[in-house]
Amino acid sequence: MRLSGRVALITGGSRGIGKATARIFAAEGAQVAITGRDDGRLQEAARELGVPGFAGDIRRSADVGSVVGRTMDRFGRIDILVNNAGIFPEVMPLHETPEEKWTEVIDVNLTGQFRYTKSVIPHMMEGGGCIINVSSDAGLRSFENFEADSYSAAKAAIIHLTRAWAVEYARYRIRVNCVCPGIVETDMTEPFLRTEADRAMAVAEHPIGRIGSPDDVARSILYFASEESSWVTGAVLPVDGGVSVK
Ligand SMILES: NC(=O)c1ccc[n+]([C@@H]2O[C@H](COP(=O)([O-])OP(=O)(O)OC[C@H]3O[C@@H](n4cnc5c(N)ncnc54)[C@H](OP(=O)(O)O)[C@@H]3O)[C@@H](O)[C@H]2O)c1
């Protein structure tokens, strides 16, 4: 029970990595709230996990404030924030990318993390806390034919903000760490893993010889949320079967 007595808010908790994290956190004794945009999907996940789901669009400050407020009303505190919600853009070269598509990805994947962090930090300033940002290998290095520049930009910025926030908020005993997954099997990557050939190509990218599961990433998030990492802040951990070091 590594998270006994802790309260965690997980963005993007309705599916994929966020849902796996919510399940592991609850099994480790945390009181968990999940959030997502689609309320139907969120409530289904919430029922399955036995935790409350508070819907909100990460692009709207008012929604973010409402989700954080409802979590506070329900549990009276927030000890752990997992900044996990994200979208993947339509793949296209930079010079063909319409500005509104660029802006949408930055709004969800970067400004959204700013909104949640800004809203939660005042509730952590007295008692301390943990923030775990979910970035990506795409924020660590470039990949040939990746062609998702807005995504790479947001994920690289989140890595840097992890370090900046770690230094800025250490005096309040708020630790800020980051995980960088490789390819993980979720709804986000489903369109890229449809054929056997696509899947074989994705597997071949990873020196460990397989793509990741949501649990692979959730377990690393658990480490940063638990006391096992009590002297770790500003860390950026690739969880990627070795992709980032090859
Ligand atoms: N899968 C991978 O290979 C991979 C690799 C590296 C990094 N990551 C990162 O890991 C995180 C989770 O990815 P995943 O693969 O688990 O994705 P996913 O299965 O597509 O889930 C994305 C989650 O984000 C939420 N979300 C999206 N737009 C939102 C919005 N405007 N407002 C509120 N919530 C919103 C979704 O809610 P709805 O269900 O309501 O849409 C959903 O809960 C993302 O940050 C992603 O960039 C994933």
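Just so you know, these numbers come straight off a predicted model, no measurement behind them. We count ligands from 1, going down the list as the structure has it; atoms in each ligand are counted the same way.
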### Query
Which other residues end up in the same hydrophobic cluster as Met201, if Ile, Leu, Val, Met, Phe, Trp and Tyr are linked when side-chain heavy atoms come under 4.5 Å apart?
none

### Query
Looking at Phe143, does the NZ or CZ of Arg141 lie under 6.0 angstrom from its six-membered ring centre and within 45 degrees of the ring axis?
yes

### side chain to side chain contact (heavy atoms under 4.5 Å, CB included) between Ile183 and Phe192, intermediate numbers included
CA-CA 10 Å; Ile183 300 176; Phe192 308 103; over 6 Å; no

Could you tell me, for ligand 1, which of its N or O atoms are under 3.5 Å from any protein N or O, listing the pairs and their distances rounded to 0.1 Å?
unit_1	atom_1	unit_2	atom_2	d
ligand 1	1 (N)	Val184	O	3.3
ligand 1	1 (N)	Thr186	OG1	3.2
ligand 1	3 (O)	Gly182	O	3.4
ligand 1	3 (O)	Val184	N	2.7
ligand 1	3 (O)	Val184	O	3.3
ligand 1	15 (O)	Thr186	OG1	2.5
ligand 1	16 (O)	Ile17	N	2.8
ligand 1	24 (O)	Gly86	N	3.4
ligand 1	31 (N)	Asp57	OD1	3.0
ligand 1	32 (N)	Ile58	N	2.9
ligand 1	39 (O)	Ser14	OG	3.0
ligand 1	39 (O)	Arg15	NE	2.8
ligand 1	39 (O)	Arg15	NH2	3.4
ligand 1	39 (O)	Arg41	NE	2.9
ligand 1	39 (O)	Arg41	NH2	3.3
ligand 1	40 (O)	Arg37	N	2.9
ligand 1	40 (O)	Asp38	N	2.6
ligand 1	41 (O)	Arg15	NH2	3.0
ligand 1	43 (O)	Gly12	O	3.3
ligand 1	43 (O)	Ser14	OG	2.7
ligand 1	45 (O)	Asn84	O	2.8
ligand 1	45 (O)	Lys155	NZ	2.9
ligand 1	47 (O)	Tyr151	OH	2.6
ligand 1	47 (O)	Lys155	NZ	3.0

### Task
Please find out if less than 6.0 Å separates the ring center of Phe146 from that of Phe88.
yes

### Message
I'd like to know if the side chain of Asp216 pairs up with that of Ser213 as donor and acceptor (distance under 3.5 Å, no hydrogens or angles considered).
### Response
yes

### Query
What is the distance from atom CZ of Arg6 to atom CD1 of Ile78, rounded to the nearest 0.5 Å?
12.5 Å

